[in-house]
Every structure is written in C-alpha cells, then in structure tokens.
Amino acid sequence: MQMTLRWFGNGLDTVTLDQIRQIPGVVGVVPALHDLPAGEVWPLERLQALRDTVHAAGLTMECIESVNVSDDIKLGNATGQKHIQNYIESIRNCAAVGVKVICYNFMPVFDWTRTDMAMPLSDGSTCLCYDAKHVEGKSPEDIFRELSESGDFAMPGWEPFRIPTIKALFAAYKGVTADDLRANLKAFLDAITPVCEECGVKMAIHPDDPPWPIFGLPRILSTADDLRWLFSAVPSEMNGSTFCTGSFGAGSFNDLPAMIREFGPRIYFAHLRNVEQRPGWFNETAHLSSAGSLDMYAIVKALHDCAPHWVFVRPDHGRMLWGETARPGYGLYDRALGAAYLNGLFEAVEKGS
Ligand code: CS2
Ligand code: MN
C-alpha cells in the first residue's frame, strides 16, 4: 500500500508539498495538470517539470488524478475521436515520467457534486454535503450560481466559466442513454488499453459521486453491477478501478467490503473516506468508522487481502478544521488526520490483528 495525497499544484493548492512530506507515512502525491482543458494533450515538458517539483520535495508521482475525459469522448462524437488520440499521447507522456496509474471518471458534464460546501458538524468543523431534495426542481445553472457564490474554490467541473457551456452540453446529452454511455466508455477503453499495455500504465476509473443520476444525466459507474459490466466489457487488466469509498459508500445499496473482495485484483487506487448516509442524502465525516456509516476497518482489511500489495491509497476528502481555508474537501489538517488513521489500520491489519 502506498499512502498518497492529492495535490493541485503550486498556485492552485493551499497545501504545500513540504507540508505533505511531513505527514507520517505519506510517500507521494497524486497531481494533475488542472489548467489544461479535457481533450488536450498533456505535454511531456509540463509533466517532466511537475515530476521534478514533486521529486525535489522528496515525494513520488506515480499516480495521476485525473487526466479528465472530455464530454466529446463521453458522447462518442467525431471530436471525441481526436481527443482519444490526444489521450493516448498523454498516456505515453505520463509513462515517460514514471506514472503507473491514471485515475479518471466518466460522469457526464460534471465531476463530483455537492449542495453544501460547508455544512456545520456538531464539533464545530464543516463538511461537504449532498441533499437530493435541494437539487429537485432546480436547474444546473441555479446550483452552479449557488456553489460559485459559496467561496473562492469551485468543485472540479463546476467552475463559473463553465456556466455558459451548460445549456449546449445538456442539449448534446439529450436522448443519450446509459447504454450509449457504456458503449462510448468501452470504445474509449478499447482504443487506449493497447497503449496502456505497451506503456505499463493502468487506468483506474473513479465512481460516480454521488452514485446515482443527477439532473437526468445517465451515470454508469455507481454499483457492483456497473463494475461487473466494465470488467467483462473490457477484460484487459489495464482497465481497473479507483475504489472511492465515499462515492460508492454514499449509496446504502453498495456493500463495500464485498465489492473490494470481488474486484480487489482490479483495484489500483483507493480513496478511503467516510460518509454519513441517509436516503437521498449524505454528508462527509471524519475518517473514523465511528464518525460515519462505513466500517473503515473492514474496508482496509478487504483491500489488504484482495488488492495488489502496491495499491495507491489516499484519504480523499476531509472536513475543514481549526479555521483552515482550502479547496473544498482538500484541506491539510483533516486529510493528515485521515492518513494517520488509515496507516494505523493498515499496520494493524498487516500485523494480523
Ligand atoms: C473526488 C474526486 O469525488 C471524489 O471522491 O475524489 O475529486 C475524484 O477524485 C475525481 O472525480 C476523479 O476523477
Ligand atoms: Mn474519490
């Protein structure tokens, strides 16, 4: 197991590499080139510079999150074909700087979605929350405006500059079914997995967050059945999973330890965070099992037993503590506490507790 933290890069992250380096047991960071729009090639020089910056801080950069997939690829249109060729070049460039795993997601239009970026918890910290009732009857633009007024940082995919594109994107997805999306995901993976095999780079798809359709857009990576379909449709071992417990775990219909035991060999990256789940609602919590609805011990035990021994892991999101201001979910303090807790669980499991 390799404990890592997501890092958005100098100027885009309130957390520094030196701070991350001082978290016990963290060996690397999971960065990305966030300024490049989905569909563009990730230039080798940019990746070399990023790798050199990370290595100079004494950290590794062997997992990238995310080389985002453009909506044109998700829609399976002609522009998407060009973007797939660009994605292949990006994979080659990532391999050239030592990347072993690439995380991505196939959610239409948006990345992860929340309805409250600073929900107060009883201990005085704040967390991210999703309330399906809050979304009912609202347009994406309404939610966009609310969220973009909620602070200096927007969620990925929810940046204010995207608001003007939303109407055209929703029109493009009109009539696109879950099966259409599955066909386009299979086409994408069929096109890139031969290059992944050649370069030794594994793909690790992140689940839908939340794990159900929103705004009437199809979502196809929310359940165990979705993973079964994915691995049967594209059998290459370069087709793998980013097992995000906070995303799958927001749905009480998902049995996470059982899913990890079933798909473990194909889990190359794991996001280990906890949520308090209720029907059509979840809020993020501290990582402790006792803080939320998930049994983090059973999850870590299943990962230890069934995932590759080298699996990359990160504490994913944390609450906002002690007056910190940071990207929503990506403050330093609670992710450091989460990493320490998770390292403790892994040590106890590895030593056979
Ligand atoms: C987060 C996302 O939704 C989540 O749990 O970890 O940032 C996720 O990493 C991206 O959607 C992956 O592409
Ligand atoms: Mn995640």
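Just so you know, ligand 1 is whichever comes first in the structure, and atom 1 is the first atom listed for that ligand.
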*Charged N to carboxylate O below 4.0 Å: is that the case for Asp295 and Lys301?*
no
*Atom name in Asp316, limited to N/O/S, at shortest distance from the Mn ion (ligand 2)*: OD2
*Lys/Arg N to Asp/Glu carboxylate O, Glu284 vs Arg319, below 4.0 Å*: no
*Check ligand 1 against Asn105 and write out every atom of the ligand that is under 4.0 Å from a heavy-atom position of the residue.*
11 (O), 12 (C), 13 (O)
_Under-4.0 Å salt bridge between Asp305 and Arg261_ = yes
_Return the closest protein heavy atom for atom 6 (O) of ligand 1 as residue, atom name and distance._
Asp316 OD1, 2.8 Å
*With the threshold set at 4.0 Å, does a side-chain nitrogen-carboxylate oxygen contact exist between Glu65 and Arg6?*
yes
*If you stand at the Mn ion (ligand 2) and look out to SG of Cys244 and NE2 of His206, what angle do those two lines make, to 10°?*
90°
_Please confirm whether the ring centroid of Phe248 lies under 6.0 Å from the ring centroid of Phe243._
yes
*Does a donor on one side chain and an acceptor on the other come within less than 3.5 Å for Ser236 and Asn239?*
no
*Which word best sums up how the rings of Trp212 and Phe253 line up, parallel for under 30°, tilted for 30 to 60°, or perpendicular for over 60°?*
perpendicular
*Taking the inter-plane angle between the rings of Tyr87 and Phe188 on a 0 to 90° scale, is it parallel (under 30°), tilted (30 to 60°) or perpendicular (over 60°)?*
perpendicular
*ligand 1 contact on Tyr330 by region, counting heavy-atom pairs under 4.0 Å*: side chain
*asked:* Using a 4.0 Å cutoff against the non-hydrogen atoms of Cys244, which atoms of ligand 1 qualify?
replied: 5 (O)
*Quick one: look up the protein heavy atom nearest atom 3 (O) of ligand 1 and list residue, atom name and how far away it is.*
Asp209 OD2, 2.7 Å
_Using a distance threshold of 2.8 Å, state whether an N, O or S atom of Asp209 lies below it from the Mn ion (ligand 2)._
no
*For His271, take its heavy atoms, then give the atoms of ligand 1 lying under 4.0 Å from any of them.*
6 (O), 9 (O)
*asked:* Please list the nearest protein heavy atom to atom 2 (C) of ligand 1 with its residue and the distance rounded to 0.1 Å.
replied: Trp112 CD1, 3.2 Å
*For atom 7 (O) of ligand 1, what is the nearest protein heavy atom, given as residue, atom name and distance?*
Arg6 NH1, 2.6 Å
*Could you find the nearest protein heavy atom to atom 10 (C) of ligand 1 and give me its residue, atom name and distance?*
Asp111 OD1, 3.5 Å
_Closest protein heavy atom (residue, atom, distance) for atom 12 (C) of ligand 1_ = Ser66 OG, 3.3 Å
*Answer side chain, backbone, both or neither: which part of Arg314 comes under 4.0 Å from ligand 1, heavy atoms only.*
side chain
*asked:* With carbon and hydrogen excluded and only N/O/S kept, which atom of His271 is nearest the Mn ion (ligand 2)?
replied: ND1
*In terms of side-chain geometry, is the basic nitrogen of Asp111 or Arg219 positioned less than 4.0 Å from the acidic oxygen of its partner?*
no
*Has His317 got an N/O/S atom less than 2.8 Å from the Mn ion (ligand 2)?*
no
*Among protein heavy atoms, which lies nearest atom 1 (C) of ligand 1, and at what distance?*
His317 NE2, 3.2 Å
*Residue-ligand contact Arg114/ligand 1, heavy atom below 4.0 Å*: no
*Using a strict cut-off of less than 4.0 Å between a Lys/Arg side-chain nitrogen and an Asp/Glu carboxylate oxygen, indicate whether Asp18 and Arg21 qualify as a salt bridge.*
no
_Lys NZ or Arg CZ of Arg327 over Phe8 ring: under 6.0 Å, within 45°_ = yes
_Looking only at the side chains, is there a donor atom on one of Ser125 and Tyr333 sitting less than 3.5 Å from an acceptor on the other?_
no
*Of all the heavy atoms in Phe110, does at least one lie under 4.0 Å from an atom in ligand 1?*
no
_Nearest candidate to atom 9 (O) of ligand 1, where distance is taken over non-hydrogen atoms, out of Glu65, Arg273, His206, Met107_ = Glu65
